[in-house]
Asker: 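Here you go, one structure.
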Amino acid sequence: MKREALLARLRDTPRWDVLVIGGGATGLGCAVDAAARGYTTLLLEAHDFAKGTSSRSTKLIHGGVRYLAQGRLGLVREALEERAVLLANAPHLVHPQRFVVPVYHHWDRLMLGVGLTAYDWLAGSRSLGASRLLSARDTLAALPTVKQEGLLGGIAYMDARFDDARLAITLMRTVLDLGSLAVNYLPVTALRHEAGRVAGVEAHDAESGEHFSIAARVVINAGGVWADSLRQLDDPQAPAQLAPSQGAHLVLDRDFLPTDSALLIPHTPDGRVLFAIPWKGKVLLGTTDTPRSDLPLEPRPLAGEVDFILETAGRYLTRSPRRGDVRSAFAGLRPLIGSSQGGATAALSREHVIQTSRQGLVSVAGGKWTTYRRMGEQIIDTAIPVGGLPARPCSTRELPLHGHPGGSCEDVLGADRPRVDALPGAGRRLHPALTLTEAEVRHAIRHELARSVEDILARRHRALFIDARSAHDAAPAVATILAEELGLDTNQAGEQTEAFRRLAEGFLSTH
């Protein structure tokens, strides 16, 4: 899967049926759906797949317990259906996860019990196990480091966790498996219009500077928090639809919560819930809901967000985490629909809206990882008549994703593992605190379109998100392999290392 071969195919294709702008969860879902229906499909990503929001989630595939209290039963039911689909189609990336809610007030026990019973009912036959009341002793057995004073018991329920960036890479591989094309580092600079209709895009290769003028029967704007900017390329008068919200996360060592059960804190001052989730040998804390008017490519957790997460977790854990305990701190921007008008975004919709402009640009706003497949189905259903494409049914509900191992599997590479272990450097770890091997780096470059040290340490492997210091220290070894595989010179390898180390310093900073 050489990038040069993908670009050669792009040059040789006179027109595509479906062209998708954006390589996050929504765009990749669209591309998989379109390719699975047999349409010639091209996805263009300005940076790397899942570079933005789609690699910075709370790692949950869930119905959304919080949405029950908001009365959004349709959203919860749809998400629970999609949870079941993902567990079946990507068992190497999505796994059942037990959650425990400690209870310190009798009223909470009643309300949470009712709510989680409704959650079970909405899941129906797709349930991963019924919720149940726990005694104080059982709650402490499940959450050994939860505060005991005033603990009445708890409630346990089931949901699912996943690796978001790896799912994005898996979807990209699935697009290629289906005979279509997905290319990173190829930003769209303009939309092409013919006879008053969107007829393609202008794009350029961020690596070589080569220009591409690409024709397509229908163009889909899946730009996430940048979707409004793409809509305004089509119509400069198009009003903004999105109210971006930042969600911050902190990663701690496992000894803060040494268990396979996740902790849910049901009440926080900003109207959200807070999670402490076992993830890749660490504990992930999050998240926040902070309005942002700017759209940085590398958002950082704000000082107030860090304080909020640490203080909230500290009220429930026997050992209160401090800034110095944070192994990695990251933030993502949610593309929420509506106007927060400078106020709270926690109440804004997590649902999505699909619109077609007068010129035929199909845009999607909002949404979340759990429902990415259903969103892709709906978007392609909308795009078919816009592009005059032959009607074909969606087939992704029962489509195994790339690397499907045939059963449950904790290895994110799934069925690709034997191929990886046949490469040079199999079993040779690049850092004692990381599982990343030389062979995995080579595989990421040869088969997963990794083009930089960041691509490897942030998204092909999650080192940056689980242990930023170790990722920082592993950068030179990764750059050496990258240089060998891509033919980079010593200066280029050094630039790669320094660029990543600057990025990692940001993930280490909690000030």
Side-chain angles (χ1 to χ4, degrees), residues 1-4 6 23-24 45-52 54-56 163-166 168-169 172-173 182-187 205-208 251 280 282 296-300 327-332 412-413 420 423-509:
M1 191 193 304
K2 297 288 187 182
R3 190 167 185 273
E4 294 75 13
L6 301 183
E45 163 56 40
H47 303 283
D48 187 29
F49 308 107
K51 160 69 175 176
S54 295
S55 62
R56 300 158 188 261
D163 186 327
D164 47 10
R166 285 302 316 184
I169 300 306
M172 176 271 291
R173 297 292 307 275
V183 188
N184 50 357
Y185 298 104
L186 217 153
D205 182 1
E207 294 187 3
S208 69
V251 176
K280 296 187 179 296
K282 303 290 185 181
L297 185 60
E298 280 295 339
R300 300 297 316 135
R327 295 291 173 251
S328 185
F330 61 93
V412 296
L413 290 167
V420 176
L423 295 174
R428 189 176 82 80
R429 291 192 179 193
L430 300 186
H431 188 282
L434 303 175
T435 62
L436 181 66
T437 67
E438 175 187 336
E440 288 170 349
V441 173
R442 296 188 187 281
H443 180 264
I445 298 164
R446 296 181 189 183
H447 301 288
E448 296 179 340
L449 294 180
R451 308 296 294 177
S452 70
V453 172
E454 179 191 337
D455 292 350
I456 294 162
L457 287 172
R459 290 172 291 278
R460 305 314 183 276
H461 188 278
R462 308 312 307 277
L464 180 62
F465 287 81
I466 58 176
D467 187 345
R469 173 58 61 193
S470 296
H472 174 281
D473 295 344
V478 173
T480 297
I481 301 168
L482 190 79
E484 180 185 332
E485 291 285 334
L486 297 182
L488 307 182
D489 61 31
T490 303
N491 287 338
Q492 290 171 314
E495 290 169 359
Q496 285 268 354
T497 297
E498 288 310 308
F500 179 78
R501 283 183 157 175
R502 287 192 297 271
L503 176 66
E505 289 291 345
F507 279 65
L508 286 165
S509 173

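Since the model is a prediction, treat every value here as computed from it, not as a measurement. Below, all heavy atoms of this structure are taken into account, side chains as well, without hydrogens, waters or symmetry copies. Residues take their numbers from the sequence shown, with the count starting at 1.
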Asker: Between Thr435 and His461, does the side chain to side chain contact (heavy atoms under 4.5 Å, CB included) criterion hold? Intermediate values first, please.
Answerer: CA-CA 9 Å; Thr435 62; His461 188 278; 3.0 Å; yes
Asker: What's the shortest heavy-atom distance between Ala439 and Val420, and which atoms?
Answerer: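 Looking at all heavy atoms of both residues, the shortest contact is CB-O, 3.4 Å.
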Asker: If we ignore hydrogens and angles and just use 3.5 Å, is the side chain of Arg173 paired with the main-chain N or O of His447 as donor and acceptor?
Answerer: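 Present.
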Asker: Quick check against the 3.5 Å criterion: does Arg300 have a side-chain atom that pairs as donor or acceptor with the backbone of Ala329?
Answerer: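 Present.
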Asker: Start with the C-alpha gap between Asp467 and Lys280, add the side-chain angles, then the distance that decides, and say whether salt bridge (charged side-chain N to carboxylate O under 4.0 Å, His left out) holds.
Answerer: CA-CA 10 Å; Asp467 187 345; Lys280 296 187 179 296; over 6 Å; no
Asker: Within the side chain of Asp455, is there an N or O that forms a donor-acceptor pair under 3.5 Å with the backbone of Asp48?
Answerer: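 Pair absent, no side-chain N/O of Asp455 close to backbone of Asp48.
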Asker: Is a side-chain N or O of Glu438 found less than 3.5 angstrom from the main chain of Arg428, in a donor-acceptor match?
Answerer: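 No: the side chain of Glu438 does not pair with the backbone of Arg428.
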Asker: Decide side chain to side chain contact (heavy atoms under 4.5 Å, CB included) for Leu6 and Leu449; before the verdict, give the C-alpha distance in whole Å, the side-chain angles of both, and the deciding distance to 0.1 Å.
Answerer: CA-CA 10 Å; Leu6 301 183; Leu449 294 180; 3.7 Å; yes
Asker: Between Arg442 (side chain) and Leu423 (backbone), is there a donor-acceptor pair under 3.5 Å?
Answerer: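 Not a single qualifying donor-acceptor pair exists.
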Asker: Between the side chains of Asp473 and Ser470, is a donor N or O closer than 3.5 angstrom to an acceptor N or O?
Answerer: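 Checked: Asp473/Ser470 side chains show no N/O donor-acceptor pair below 3.5 Å.
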Asker: Distance-only, no hydrogens or angles: does the Ser328 side chain make a donor-acceptor pair with backbone N or O of Leu464 under 3.5 Å?
Answerer: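 Yes; at least one donor-acceptor contact below 3.5 Å.
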Asker: Are any of the side-chain nitrogens in Glu485 or Arg451 under 4.0 Å away from the carboxylate oxygens of its partner?
Answerer: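 Salt bridge: no.
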Asker: Kindly say whether Arg502 contributes a backbone atom to a donor-acceptor pair with the side chain of Glu505 at under 3.5 angstrom?
Answerer: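 Not a single qualifying donor-acceptor pair exists.
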Asker: Parallel, tilted or perpendicular for Phe507 and Phe465, by the 30°/60° rule?
Answerer: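 Plane angle over 60°, so perpendicular.
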Asker: Does the side chain to side chain contact (heavy atoms under 4.5 Å, CB included) test come out yes or no for Glu45 and Met172, once each step is laid out?
Answerer: CA-CA 11 Å; Glu45 163 56 40; Met172 176 271 291; over 6 Å; no
Asker: Let's go through Ile481 and Ile456 carefully: what are the C-alpha distance in whole Å and the side-chain angles of both, what is the deciding distance for side chain to side chain contact (heavy atoms under 4.5 Å, CB included) to 0.1 Å, and is it a yes or a no?
Answerer: CA-CA 11 Å; Ile481 301 168; Ile456 294 162; over 6 Å; no
Asker: Taking Arg460's backbone N and O only, do any of them form a donor-acceptor pair with Arg166's side chain (distance below 3.5 Å, no angle check)?
Answerer: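 Side chain of Arg166 to backbone of Arg460, a donor-acceptor pair under 3.5 Å: yes, one is there.
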